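Worth saying up front: this structure is predicted, and the values here are computed from it rather than measured. For the numbers below, each heavy atom of this structure counts, side chains included, while hydrogens, waters and symmetry mates do not.
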Amino acid sequence: TLARAYKVSGDNKYLERLNELLNDWSKHNPLNQGPNWKCGQEASFRLMKLLTTAQVLDQLQDPTSALKELIYQHVNRIKPNIRYALAQENNHTTSECIGLFIGGAWLKGVGYDEDFVKTIDKGRAFLEKYILKLVLPQGTFSQLSTNYHRVFLDTMSFCISMMDQLREPPFAKPIVNRLIKAGEWQYRMTFGKQGDVPNFGSNDGARIENLHNHGYRDFRVSTQLFFAAVTKKICYNNSILNEPMYWRIGPKAFSYSTYEIEEKPEILDGQILILKYEKISLFLKIPQDTFRQGNDAFHVDLWIEGLPFLVDSGTYSYNAGNLTDRFKSVASHNTMQFGDHEQMPKVGRFLNGKWIRATENKLILEEEDVVNWSGTYKDFKGNVHQRLIVVSKEKATISDQLTTKENSLIRYQLALKSKSDKLQVTHGTSRVLTGMTSLFYLENSESQIIEILPDQNSVSITIATN
């Protein structure tokens with residue numbers, strides 16, 4: 001931010017402040033001591049920011065000796081613990097591989113007095129391997145989270161733009177194709193008019209790409225930069241999204257042609273239903289996870305004309321005791337709860353056991369202006385939940401059939417500004433309760449929940465688009 005301010009204004013106070021902060025940080029964070037050296041991924045992010053700042057200031061090819069030494073220290077922090085990062089099989093893996101690869105390549109390029117070939121080769125080889133492993137063929141990232149997906153894309157945007165700057169050979173076609181699918185996934189998940197997405201999966205507040213002034217929940221600017229870096233095309237013809245392209249790629253990016261992405265109702269990698277039809281955008285979580293499954297099987301988000309109506313409650317905090325458990329609970333998702341237990345038993349802080357698998361998962365595109373989806377799963381206690389979704393121009397209907405010996409109920413959490421009069425319960429007995437929604441980490445707002453008791457093991461609701 002300070003580098004951008006200096007480049008735009010030419011005022012030395014921004015450059016002086018930047019160096020004051022870096023010197024102070026270095027003084028109070030001795031190498032490999034204290035919390036700021038504890039995490040290899042944090043060291044990788046810091047390396048990315050240091051090199052990005054050097055790029056903005058046109059110092060990437062002619063850096064100070066202090067910057068070279070600081071990057072060297074960060075590469076050597078990441079390298080000894082890379083096996084831990086690989087074992088996580090998530091954004092730690094990809095971020096730390098990028099730190100090794102790009103950090104080593106930059107040090108080699110500026111003539112640092114050490115042989116970095118092995119570091120570069122190791123970082124790149126691991127990164128390529130895990131891109132193909134963690135990104136599924138239709139673009140779904142292992143962590144099943146809109147925010148962690150953006151973290152992955154933003155770190156890859158940094159990586160690919162730096163590869164170009166450092167004249168590193170481009171990725172092979174299979175890796176590029178897989179990355180493009182990951183970008184298309186994020187584009188399809190953008191439901192809101194201002195770039196908002198379903199608040200799906202863990203959301204720790206991370207936003208790695210900040211060479212712009214857009215709000216935290218605007219995902220368009222991330223997607224725009226990613227496609228410019230990977231395909232040398234853009235996906236939005238909207239100049240207000242282009243500032244990061246200027247800093248990372250240069251003015252040539254402003255003349256890139258448009259990358260066309262077809263949007264149609266589809267099931268991505270067997271795990272996510274995305275349905276955009278007329279005024280309705282709908283997202284549904286299908287329990288076929290390959291990473292860490294949460295208590296959100298058959299959770300549904302529903303947006304009307306780019307505005308959220310039914311939403312996920314969010315994350316709030318990883319360390320808020322009972323409140324953390326509440327946000328992780330099935331009770332905070334728009335789906336069925338059997339009895340008073342979760343969909344799966346908890347076996348660790350971030351891990352559940354006895355994973356659910358959908359036994360039916362079927363999308364039907366009807367000729368008569370109607371789209372249908374149906375799915376079924378059975379939980380670890382033998383309870384069966386069958387959900388049917390029917391979407392037309394005027395309305396969406398969500399119907400649930402249960403096979404259970406336990407008491408059960410369905411909850412629907414309304415978006416903060418939604419009004420419940422659009423939702424009509426056509427089967428079941430409902431009441432309105434007060435819930436909680438967290439759109440930003442450590443922020444929490446009161447919201448409304450519609451809680452519905454089944455009628456003879458059936459529940460049905462209709463949501464009008466008008």
Inset, instruction - Report the C-alpha separation of Thr376 and Thr359 in whole Å, then their side-chain angles, then the decisive distance to 0.1 Å, and conclude whether the side chain to side chain donor-acceptor pair (under 3.5 Å) test is met. - result: CA-CA 5 Å; Thr376 306; Thr359 55; 4.8 Å; no
Is any side-chain heavy atom of [X] less than 4.5 Å from a side-chain heavy atom of [Y]?
X	Y	answer
Lys279	Asn466	yes
Gln138	Ile267	no
Tyr277	Leu282	no
His385	Thr335	yes
Leu86	Phe126	yes
His92	Cys39	yes
Arg46	Asn36	yes
Glu96	Leu100	no

Provide the closest heavy-atom pair for [X] versus [Y] in the form atom of the first, atom of the second, distance.
X	Y	value
Ala464	Ile304	O-CD1, 3.7 Å
Ile450	Ser420	CD1-CB, 4.1 Å
Trp303	Pro308	CE3-N, 3.4 Å

Would you confirm whether [X], through its side chain, and [Y], through its main-chain N or O, come within 3.5 Å as a donor-acceptor pair?
X	Y	answer
Arg217	Val197	yes
Gln343	Asp296	yes
Ser142	Phe291	no
Glu451	Leu409	no
His299	Ser332	no
Asp269	Gln271	no
Thr324	Ser317	yes
Arg178	Val135	yes
Arg411	Ile449	no
Ser329	Asp325	no

Inset, instruction - Apply side chain to side chain donor-acceptor pair (under 3.5 Å) to Asn372 and Lys362, showing your working. - result: CA-CA 8 Å; Asn372 294 340; Lys362 186 166 57 177; over 6 Å; no
Inset, instruction - Begin from the C-alpha positions of Gln413 and Thr437 and carry the test side chain to side chain donor-acceptor pair (under 3.5 Å) through to its verdict. - result: CA-CA 8 Å; Gln413 177 143 320; Thr437 298; 2.6 Å; yes
How far does [atom1] of [X] sit from [atom2] of [Y], to the nearest 0.5 angstrom?
X	Y	atom1	atom2	value
Phe158	Leu51	CZ	CG	5.0 Å
Ile261	Lys233	CD1	NZ	11.0 Å
Glu262	Tyr187	CD	OH	11.5 Å
Thr140	Gln288	OG1	CD	12.0 Å
Ile78	Tyr84	CD1	OH	14.5 Å
Thr315	Phe440	OG1	CZ	13.0 Å

Return yes if a side-chain donor-acceptor contact under 3.5 Å exists between [X] and [Y], otherwise no.
X	Y	answer
Thr1	Asn210	no
Ser458	Gln401	yes
Asn242	Tyr236	no
Gln41	Ser95	yes
Glu243	Trp247	yes

Inset, instruction - State yes or no: are the ring centers of Tyr318 and Tyr441 separated by less than 6.0 Å? - result: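 Ring centres of Tyr441 and Tyr318 closer than 6.0 Å.
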Inset, instruction - Would you confirm whether the ring centroid of Phe200 sits within less than 6.0 angstrom of the ring centroid of Phe283? - result: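 They qualify: ring centres under 6.0 Å apart.
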Legend entry - Six-ring centre of Trp373, Arg387 cation under 6.0 angstrom, axis tolerance 45°: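 Not satisfied by the 6.0 Å and 45° rule.
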Inset, instruction - Flag this pair as yes if the NZ/CZ of Arg150 is under 6.0 angstrom from the six-membered ring centre of Tyr216 and inside a 45 degree cone about the axis; otherwise no. - result: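 Verdict for Tyr216: a cation-pi partner in Arg150.
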Legend entry - Derivation and outcome, side-chain contact (heavy atoms from CB on, under 4.5 Å), residues Tyr377 and Ile286: CA-CA 9 Å; Tyr377 71 81; Ile286 300 161; over 6 Å; no
Legend entry - Candidate list Leu144, Val300, Asp312, Asn334, test side chain to side chain contact (heavy atoms under 4.5 Å, CB included), partner Lys285, passing option: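 By the side chain to side chain contact (heavy atoms under 4.5 Å, CB included) criterion, Lys285 pairs with just one of Leu144, Val300, Asp312, Asn334: Leu144.
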Inset, instruction - List the steps and the verdict of side chain to side chain donor-acceptor pair (under 3.5 Å) for Ser222 and Glu209. - result: CA-CA 7 Å; Ser222 166; Glu209 181 53 71; over 6 Å; no
Legend entry - Residue from Phe141, Trp185, Phe226 passing ring pair (Phe, Tyr, Trp, His ring centres under 6.0 Å) with Phe152: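 Exactly one pass, corresponding to Phe141.
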Inset, instruction - Kindly determine whether Asn147 and Phe219 satisfy side-chain contact (heavy atoms from CB on, under 4.5 Å), including the steps that lead there. - result: CA-CA 9 Å; Asn147 202 54; Phe219 278 59; 4.0 Å; yes
